[in-house]
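Below is one structure; the comments refer to it alone.
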Amino acid sequence: MAKRTGRQRSQLPNCYYEGYLEKRSFKDKTTRKMWTCLCGNTLFFFNEKRDANYIEKLDLSGLISITDDGSMDRNLDAARLNLQMKDENIKFNAPNAEALELWKGFIHSVTELSVPSSLNLLPGQIHMLKETVQREKERINNVTPPAVTNIDPYVTLHADMPACFYSVSRLEAELLLEREAKRGNLLLRPGSTANSFAITTRQEFAGSIFKHYRVTRKHNGGFIIDVDTPVPCTTLHDVINYLVEKTDRVLIPLILEEAYEKNISFIRSDNENGEKTVQDAPADLLPPCVPPKPVSLRLHNPEPALEAAVEESLYLNDMPRQQEKEDSSTVPPQPDIKASKKAIIPPTPPPRKLAPAALLSLPVPSANSRKLRAQSDPLEQTISELKLKLEKQARCVE
């Protein structure tokens with residue numbers, strides 16, 4: 001826990017404003033009245049004004065908005081305030097309207113680093129807010145560590161870091177070791193420069209005693225613990241092991257292990273009485289079945305264009321012949337569709353036979369007309385020759 005001695009604090013940032021506030025959040029079932037201190041950009045809550053250890057804290061870096069709450073309260077002088085954070089909404093009750101305006105002004109000053117102009121404050125109070133903004137800017141410039149860059153070939157991944165490495169500032173390291181005193185009293189953190197690290201330790205001797213050691217990189221690789229007699233080490237793991245062994249294991253690296261659930265449980269609400277109970281999921285649950293992969297349908301290849309042409313070349317005159325063949329044979333032969341077929345030419349009709357008397361009554365064509373017909377129609381030429389033969393036979397019979 002953090003130490004607090006009056007207004008001068010060694011473990012907490014400078015206190016900009018403090019006073020009693022009644023706090024209530026979604027997690028809190030009742031409203032609690034606590035002594036609240038705005039140190040840096042964090043609200044620290046104490047049970048009483050003289051307490052040395054804070055019981056809660058609220059980081060204002062995740063503040064979204066700060067608004068007034070106009071709902072009525074039993075205390076007519078009390079003023080309500082809503083702090084909308086990223087993950088929750090917290091309500092505060094200030095003793096009076098003047099204290100409410102001051103809390104809003106100081107919280108806005110440390111989060112936005114500017115003095116709000118919409119508050120009803122006196123000139124002296126506005127001057128206090130301006131000083132708070134200036135002091136907060138100086139604090140941020142002094143305690144904010146630079147970004148850790150992987151410029152050292154021997155420390156390229158976060159996995160190469162020791163388990164007790166935390167990306168925190170000097171003040172945050174002290175608060176972390178104070179809060180987790182039962183788990184360890186040594187941690188590794190980024191140094192004040194981009195090419196260095198720092199070791200922070202905490203021990204009890206008439207109170208908490210914090211010590212900080214600088215760890216710098218060597219140009220040819222490796223690290224050095226920067227003390228009166230520099231201690232060279234190959235890796236950061238060697239730095240931690242050296243401090244643990246040389247102090248007879250009095251220093252213990254702080255390792256925060258995250259706890260994970262061993263069983264799957266859920267909260268079920270009873271539809272009849274509305275009571276909620278925690279139930280464990282059955283242990284014999286089967287994994288969900290994966291649906292079968294859809295099979296693509298195969299499309300039949302269309303028949304060659306030649307087959308369509310062959311079918312079109314068949315004439316209706318062939319249909320009776322095919323039917324007769326099907327009737328005469330018990331098992332009709334299966335035609336080879338894929339085999340190439342030739343178009344069937346219709347048969348030439350035979351010449352009609354005329355009686356001799358009819359032939360005599362027919363006019364005899366001239367020689368020129370015969371030649372023209374013979375040239376134009378070969379069938380007509382055949383008929384003409386047949387007529388001439390029949391005429392000669394009739395003359396011979398007479």
Side-chain angles (χ1 to χ4, degrees), residues 1-3 9-14 39-44 54 56-64 85-87 110-111 113 136-203 208-218 221-227 231 233-244 251-260:
M1 292 298 194
K3 298 295 182 182
R9 296 174 177 85
S10 59
Q11 303 302 320
L12 298 180
N14 294 331
C39 302
N41 62 343
T42 305
L43 289 174
F44 293 90
Y54 69 89
E56 293 183 16
K57 72 174 183 177
L58 177 63
D59 188 2
L60 298 177
S61 59
L63 178 66
I64 298 178
M85 311 300 292
K86 291 182 179 179
D87 52 353
V110 298
T111 55
L113 296 180
E136 180 64 10
K137 290 181 179 179
E138 295 176 357
R139 186 190 71 84
I140 293 176
N141 294 331
N142 293 333
V143 305
T144 302
V148 180
T149 56
N150 297 327
I151 61 175
D152 185 48
Y154 297 94
V155 184
T156 56
L157 299 175
H158 184 72
D160 295 337
M161 292 289 185
C164 60
F165 172 79
Y166 300 95
S167 182
V168 294
S169 63
R170 175 187 287 246
L171 175 61
E172 292 171 340
E174 294 178 357
L175 295 176
L176 182 60
L177 291 175
E178 188 79 28
R179 186 175 66 250
E180 305 293 342
K182 296 181 179 180
R183 298 190 179 184
N185 55 7
L186 176 149
L187 62 80
L188 176 69
R189 60 179 178 85
S192 58
T193 61
N195 298 328
S196 66
F197 292 89
I199 297 291
T200 300
T201 63
R202 173 191 174 275
Q203 291 182 284
S208 298
I209 298 178
F210 295 94
K211 293 185 178 181
H212 306 273
Y213 303 92
R214 184 190 301 273
V215 179
T216 58
R217 290 187 174 97
K218 295 191 298 183
F223 301 89
I224 293 177
I225 303 176
D226 194 1
V227 289
V231 179
C233 298
T234 305
T235 63
L236 291 175
H237 293 275
D238 296 337
V239 173
I240 303 299
N241 295 334
Y242 179 85
L243 293 175
V244 172
L251 296 179
I252 301 174
L254 175 62
I255 300 176
L256 301 178
E257 297 181 356
E258 297 180 355
Y260 295 93

OH (Y242) and CD1 (I199) are apart, to the nearest 0.5 Å, by 13.0 Å
NE2 of H237 to CZ of F223, rounded to nearest 0.5 Å, is 9.5 Å
For L113 and K137, the nearest pair of non-hydrogen atoms, with its separation, is O-CE, 3.9 Å
Rounded to the nearest 0.5 Å, the CD1 atom of I240 sits from the CD1 atom of I225 at a distance of 8.0 Å
Rounded to the nearest 0.5 angstrom, the CZ-CG distance for F210 and L171 is 9.5 Å
Q203 vs L251 side-chain heavy atoms within contact, under 4.5 Å:
yes
Heavy-atom nearest pair, Y166 first then L256, reads OH-N, 3.1 Å
Taking every heavy atom of E178 against every heavy atom of S208, the minimum-distance pair comes out as OE1-OG, 3.0 Å
Output for pair (S167 OG, R189 CZ), nearest 0.5 Å, gives 10.5 Å
Test item: L176 and T200 side chains (from C-beta on) under 4.5 Å apart, heavy atoms
no
Requested in this report: Take V244 and I252, measure what side chain to side chain contact (heavy atoms under 4.5 Å, CB included) needs, and give me the verdict at the end.
Outcome: CA-CA 7 Å; V244 172; I252 301 174; over 6 Å; no
Main-chain N/O of T201 paired with N185 side-chain donor or acceptor, under 3.5 Å | no
Heavy-atom closest pair (L177 atom, L186 atom, distance to 0.1 Å) is CD2-N, 3.8 Å
Rounding to 0.5 Å, atoms CG (L187) and CD (E172) come to a distance of 11.0 Å
On a heavy-atom basis, the closest approach of L236 and M161 is CD1-SD, 3.6 Å
Q. Quick one: does K57's side chain get under 4.5 Å of C39's, heavy atoms only?
A. no
**Request:** Before giving the answer on side chain to side chain contact (heavy atoms under 4.5 Å, CB included), spell out for M85 and L63 the whole-Å C-alpha distance, their side-chain angles and the decisive distance to 0.1 Å.
**Result:** CA-CA 5 Å; M85 311 300 292; L63 178 66; 3.8 Å; yes
Residues S192 and R214: closest non-hydrogen pair is OG-NH1, 3.4 Å
